[in-house]
Amino acid sequence: MNTNGKWGVKMAKQLLLIDGNSIMFRAFFAMHNQLERFTNQDGLHTAAIYGFKLMLDHVLAEYHPDAALVAFDAGKVTFRTQLFDDYKGSRDKTPSELTEQIPYVRRLVQDSGIQSYELSNYEADDIIGTLAQEADQAGYETTIITGDRDLTQLVTPQTTVAVTKKGVTQTKDYTPEYMQEKLGVTPVQYIDVKALMGDSSDNYPGVTKIGEKTAVSLIQEYGSLDGLYEHVQDMKPSKRKENLINEEKIARECQTLATIKRDAPVEVQLTDLTYQGPDQEALAELYRELNFQSFLSQMGVEAPVPTVKPVQYVELTADNLSLLDQFKTSLVFHLEMLEANYHLAQPVGFVLGRPDCWLVSRDINLLQKPEIKQLLANDGIKKDVFNAKAQLVALHRLGVSLHHVAFDLLLASYLLDTNENSDDLGLLAQVHDYHDVQPDEVVYGKGAKQAVPEDNEVFYTHLANKARAIYELRQPLFDQLKANEQLSLYTDIELPLSAVLAQMEIDGVMVKTSTLTQMQSQLTERLSELEQAIYQAAGEEFNINSTKQLGVILFEKLKLPVIKKTKTGYSTAVSVLEKLRDQAPVVDLILQYRQIAKIQSTYVTGLLKVIHPDDHKIHTRYLQTLTQTGRLSSVDPNLQNIPVRVEEGRRIRQAFVPSEAGWEIFSSDYSQVELRVLAHVSGDQNMQADFINGEDIHAATARRIFHLLPDEEVTPNMRRQAKAVNFGIVYGISDYGLAQNINVSPKQAKTFIESYFAEFPGVHDYTKSIVETARQQGYVETITHRRRYLPDIHAKNFNLRSFAERTAMNTPIQGSAADIIKIAMIRMGPALAAHHLQARMLLQIHDELVFEAPKEELATLRQVVTEVMDSAVKLSVPLKVESKVGPTWYDLKKIED
DNA sequence: GTGATCACG
DNA sequence: ACGTACGTGATCACC
């Protein structure tokens with residue numbers, strides 16, 4: 001169809017060669033973390049088929065091929081395995097979730113009107129290599145689609161290799177020019193590079209100590225492997241030379257393994273490969289079997305209407321409130337709000353009931369009826385909900401209490417898998433394989449068009465469906481929590497915590513508008529001074545807030561050295577500017593400007609915007625089901641990142657004051673809680689001893705890793721470095737990261753780490769074993785069995801895998817610390833009540849709890865809070881709590897014993 | 001909507 | 001050889 005171009009110029013025929021196995025693997029693993037979402041009605045996994053289909057659509061549209069072929073591997077045994085026993089020997093067995101999809105991928109290919117081919121004893125690569133060669137000679141333009149960079153050796157002026165970059169549809173095209181630019185070698189030379197460096201995934205070794213960089217430079221220098229070995233004797237004596245000589249046989253063997261055949265006994269002819277489009281009928285049938293609704297509707301085949309099971313409901317009115325009498329032991333309740341911020345949201349309707357009777361209404365005022373109020377407040381009747389905290393807060397605004405929440409679908413789902421935390425009930429239900437409720441977007445629309453349906457039928461059905469989903473998912477989720485040993489985490493920690501957090505949010509924290517407005521005008525003045533000074537120094541006016549414009553001024557106009565680049569241009573981050581400080585006075589001004597601008601926009605103006613006009617307080621929302629570690633987060637506004645480290649910012653805290661006269665702000669924080677958790681979970685004897693002896697842990701660490709004698713002093717610099725190492729350990733250490741942080745060479749950092757692990761062998765063992773645990777079970781756990789899945793622990797990509805490994809080390813530590821403070825928070829209320837204290841817990845900042853309290857309570861409060869926090873859990877090292885008090889959050893002074 | 005930056009633990 | 005510290009949220013510029 002496109003043999004003739006726009007102007008009648010004869011264009012080359014387009015040939016598409018697809019590396020079937022490679023793309024299938026790629027598609028499968030690209031969606032591996034949503035494996036269970038891609039299954040059809042029979043439980044067949046479909047991610048690889050789905051991905052393959054996406055890829056096919058994409059390349060057919062992109063290349064309009066005249067001919068196409070998908071090559072598959074024939075089996076495990078090939079001429080390469082006969083040559084070399086271990087070839088591909090390190091590969092894990094293909095998961096059954098993938099193998100079951102292979103026949104369907106073949107059907108997909110066939111029904112799409114594309115030839116497929118396999119050849120015993122040969123790999124798909126060799127079929128492709130052979131056909132690409134033939135095609136070059138026959139004057140085709142060929143594109144090879146693969147996920148395997150090895151195939152780039154097939155690149156010629158007529159043959160392009162498109163290697164998947166992200167997912168299966170985003171590819172990078174390798175041409176001879178691109179290879180020269182990117183790798184510095186020709187496609188044919190690339191084979192020899194591989195021969196020298198080996199390939200860990202195909203499990204052939206290459207020459208010892210030679211990686212990609214070295215291999216490339218050797219081949220560049222000598223032209224080829226043959227060239228190298230002709231001149232190997234002329235090389236300067238070195239370990240590398242020895243290795244090259246000793247391992248010549250291996251290198252030659254690897255060269256053979258790496259070389260893709262261009263002369264395999266392929267029996268198909270190019271002329272057999274003509275692409276004439278798909279067999280629509282057969283494809284439709286396949287999609288039906290696979291339940292690929294979106295592809296069906298793309299084809300114009302009517303997708304069967306998503307069959308949400310019909311639901312019965314009754315509209316609740318002032319006249320039929322007696323219907324409520326039937327709920328004696330339990331009910332589902334849901335108050336519907338369209339806005340995320342439930343402090344402000346206008347509720348639009350509600351549903352309550354049981355499977356045999358769902359009662360719905362748009363009339364929020366009905367909730368004021370004593371019949372409903374008493375039902376919801378009745379401690380003897382269990383309530384099942386979605387997002388208990390949101391319900392508690394919103395109902396509180398209506399003057400309604402909600403007691404005895406037993407099941408929170410959102411919370412349970414989050415505990416089972418931190419990623420399954422959508423605040424859209426419909427979407428969340430889908431993840432749990434429940435499909436009889438629509439996502440909110442479908443019913444309400446999105447953006448400006450979002451609205452409650454006028455049609456009662458539509459709206460009420462949605463409400464009833466939601467309630468039913470909560471009901472239906474209750475038992476299965478409880479069963480899973482039980483199987484995961486997470487029932488106690490759910491029942492004893494997270495569910496009670498939701499009520500504690502609701503109360504903190506409702507109470508809010510008093511913020512003085514006058515303090516902030518005063519700061520605002522001061523900072524405005526300061527900013528305009530700095531602005532003028534910067535324009536003067538730069539010789540022109542520009543937007544200082546634009547990193548792009550700033551980059552041009554600093555690095556082009558003023559010609560300052562470029563220290564770091566970002567994806568989009570020059571980096572102007574603080575770490576960079578600090579290095580340039582001495583080279584141009586404007587840099588310092590910019591740093592000052594940045595600091596002030598941040599304080600002004602985020603904290604002064606930002607906080608002023610969210611002070612509630614009625615009570616002059618700020619009511620944040622804690623997100624209880626968001627973080628991957630079990631920490632809380634805080635939004636609208638974030639009260640967990642109010643400045644403290646730098647004086648100018650710290651003054652913001654002057655605006656945070658007690659809400660009642662004669663009260664003060666009181667704060668207690670855990671000292672080094674994460675390191676104490678590490679000492680506990682790792683069982684390291686030395687670290688435990690340091691904590692048990694009440695040492696300054698960073699100084700004690702410095703003593704050990706710098707091998708100080710008892711009479712030698714720890715210098716501030718030693719302590720600083722030891723502290724950085726401690727942080728590094730908690731974060732899942734790497735020499736590079738540590739080096740960056742304390743500005744030493746990676747080599748120096750590495751010796752610090754080695755020295756640390758020698759002194760704290762238990763910690764070393766822990767880092768090893770937790771990563772192994774993650775590999776074996778696919779997740780890691782905190783002390784309360786909070787769970788985080790780490791699918792990337794198996795990634796082939798170094799970055800992804802390394803990240804997962806560091807996460808495996810960090811999550812049990814950060815997460816257990818989060819568990820501990822949550823337990824303390826739950827016990828705090830009853831403890832305060834037992835001492836008849838009026839004090840209120842207002843904020844949680846990860847390891848710190850902030851209260852307001854009458855002055856005369858402070859002494860008792862300190863005892864109670866310390867006791868509750870200290871004893872939250874029993875670890876093999878003591879927990880330590882430090883307290884401060886003052887008239888504002890800014891003025892807190894440490895309370896000494 | 002995304003990326004860069006910077007505030008916190 | 002590879003290229004990073006762990007966990008968050010708000011603001012701004014820019015597409």
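These figures come from a predicted structure and were not determined experimentally. Here is how names work: the chains are called A, B, and so on, in the same order as the sequence lines, proteins then strands, and each is numbered from 1.
For the residue pair A/S802/A/N799, the side-chain donor-acceptor check at 3.5 Å is not satisfied. For the residue pair A/E556 and A/Y570, a side-chain donor N or O sits within less than 3.5 Å of a side-chain acceptor on the partner.
Note on A/G606: only backbone sugar-phosphate atoms sit closer than 4.0 angstrom, heavy atoms only; bases stay farther off. The residue A/N741 sits close to a base: some heavy atom pair falls under 4.0 Å. As judged by a 4.0 angstrom heavy-atom cut-off over every strand, A/I845 is placed among residues touching the sugar-phosphate backbone only. Heavy atoms of A/I210 sit nowhere under 4.0 angstrom from any nucleic acid atom. Residue-level contact check: A/I813 touches neither bases nor backbone, having no heavy atom under 4.0 Å from any strand. No contact: A/E848 has no heavy atom under 4.0 Å from any strand. In this structure, A/Q740 reaches neither bases nor backbone, as no heavy-atom distance under 4.0 Å exists between it and the strands shown. When heavy atoms are screened at a 4.0 angstrom cut-off, A/A724 is found touching base atoms of the nucleic acid. If you check every strand for non-hydrogen atoms under 4.0 Å, A/V730 touches nothing. The residue A/S802 sits apart from the nucleic acid: no heavy atom pair falls under 4.0 Å.
Remark: DNA chain C takes part in the stems B:1-9 with C:6-14, each of 3 or more antiparallel Watson-Crick or G-U pairs, criterion distances under 3.5 Å.
The nearest whole Å value for the distance from the CD atom in A/E674 to the P atom in C/dT8 is 13 Å. Summarising the geometry, the separation between CD1 on A/I596 and P on C/dC12 is reported as 15 Å, rounded to the nearest angstrom. As rounded to whole Å, 17 Å separates atom P of C/dG3 from atom NZ of A/K565. Per the geometry, CG belonging to A/L843 stands 16 Å off P belonging to C/dG9, to the nearest Å. The distance from atom OH of A/Y670 to atom C1' of B/dC8 is 19 Å, rounded to the nearest whole Å. If you take CG of A/N797 and C1' of C/dA1, they are 14 Å apart, rounded to a whole angstrom. Atom CG of A/L632 and atom P of C/dG9 are 11 Å apart (whole Å). Protein atom CG of A/N421 is 10 Å distant from nucleotide atom P of C/dT8, rounded to whole Å.
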Using a cutoff of under 3.5 Å, can you pull out all pairs of nitrogen or oxygen atoms linking the protein to nucleotides 4-7 of chain B, with atom names and distances?
residue, atom, partner, partner atom, Å
B/dA4, OP1, A/K567, N, 3.2
B/dT5, OP1, A/T572, N, 2.8
B/dT5, OP1, A/T572, OG1, 3.3
B/dT5, O3', A/R594, NH1, 3.3
B/dC6, OP1, A/R594, NH1, 2.7
B/dC6, OP2, A/V574, N, 3.0
B/dC6, O2, A/K598, NZ, 2.8
B/dA7, O4', A/Y603, OH, 3.4
B/dA7, N3, A/N641, ND2, 2.9

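With sequence neighbours left out, the side-chain hydrogen bond (donor to acceptor under 3.5 Å, both in side chains) criterion links A/T547 to no other residue. Qualifying ring-ring contact (aromatic ring centres under 6.0 Å, His included) partners for A/Y174, counting only residues two or more places apart in sequence or in other chains: A/Y178. In this structure A/S498 satisfies the side-chain hydrogen bond (donor to acceptor under 3.5 Å, both in side chains) test with no other residue, sequence neighbours excluded. Shown here are the ring-ring contact (aromatic ring centres under 6.0 Å, His included) partners of A/F851, two or more places apart in sequence or in another chain: A/F666. For A/D150, the side-chain hydrogen bond (donor to acceptor under 3.5 Å, both in side chains) partners two or more places apart in sequence, or in a different chain, are A/K194. For the side-chain hydrogen bond (donor to acceptor under 3.5 Å, both in side chains) test, residues two or more places apart in sequence or in another chain that qualify with A/Y789 are A/R787.
Annotation: C/dA5 and B/dT5 have their P atoms spaced 13 Å apart (nearest Å). When the P atom is compared between C/dA1 and B/dC6, the two are found 34 Å apart, to the nearest whole Å.
For C/dC6, one of the phosphate oxygens OP1 or OP2 lies less than 4.0 angstrom from a side-chain nitrogen or oxygen of A/R806. The side chain of A/N543 contributes an N or O atom lying less than 4.0 Å from OP1 or OP2 of C/dA13. Between A/R788 and the phosphate of C/dG7, there is a side-chain N or O to OP1/OP2 separation shorter than 4.0 Å.
If you check distances only, the side chain of A/Q640 never reaches the base of B/dC8 with a donor-acceptor pair under 3.5 Å. In this model, no side-chain donor or acceptor of A/S633 finds a partner on the base of C/dT8 within 3.5 Å.
Between A/H619 and A/H343, the angle of the ring planes lies from 30° to 60°, which puts this pair in the tilted group.
Evaluation of the side chain to side chain donor-acceptor pair (under 3.5 Å) test over residues 743-756 of chain A, restricted to residues two or more places apart or in two chains, returns A/Q748-A/T751.
The side chain of A/K548 approaches C/dC15 more closely than any other nucleotide in the set C/dA13, C/dA5, C/dC15.
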Decide side-chain contact (heavy atoms from CB on, under 4.5 Å) for A/L516 and A/Q520; before the verdict, give the C-alpha distance in whole Å, the side-chain angles of both, and the deciding distance to 0.1 Å. CA-CA 6 Å; A/L516 290 179; A/Q520 192 166 41; over 6 Å; no
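Each of A/D735 and A/H846 has a nearest nucleotide on DNA chain C; the 5'-most of these lies closest to A/D735.
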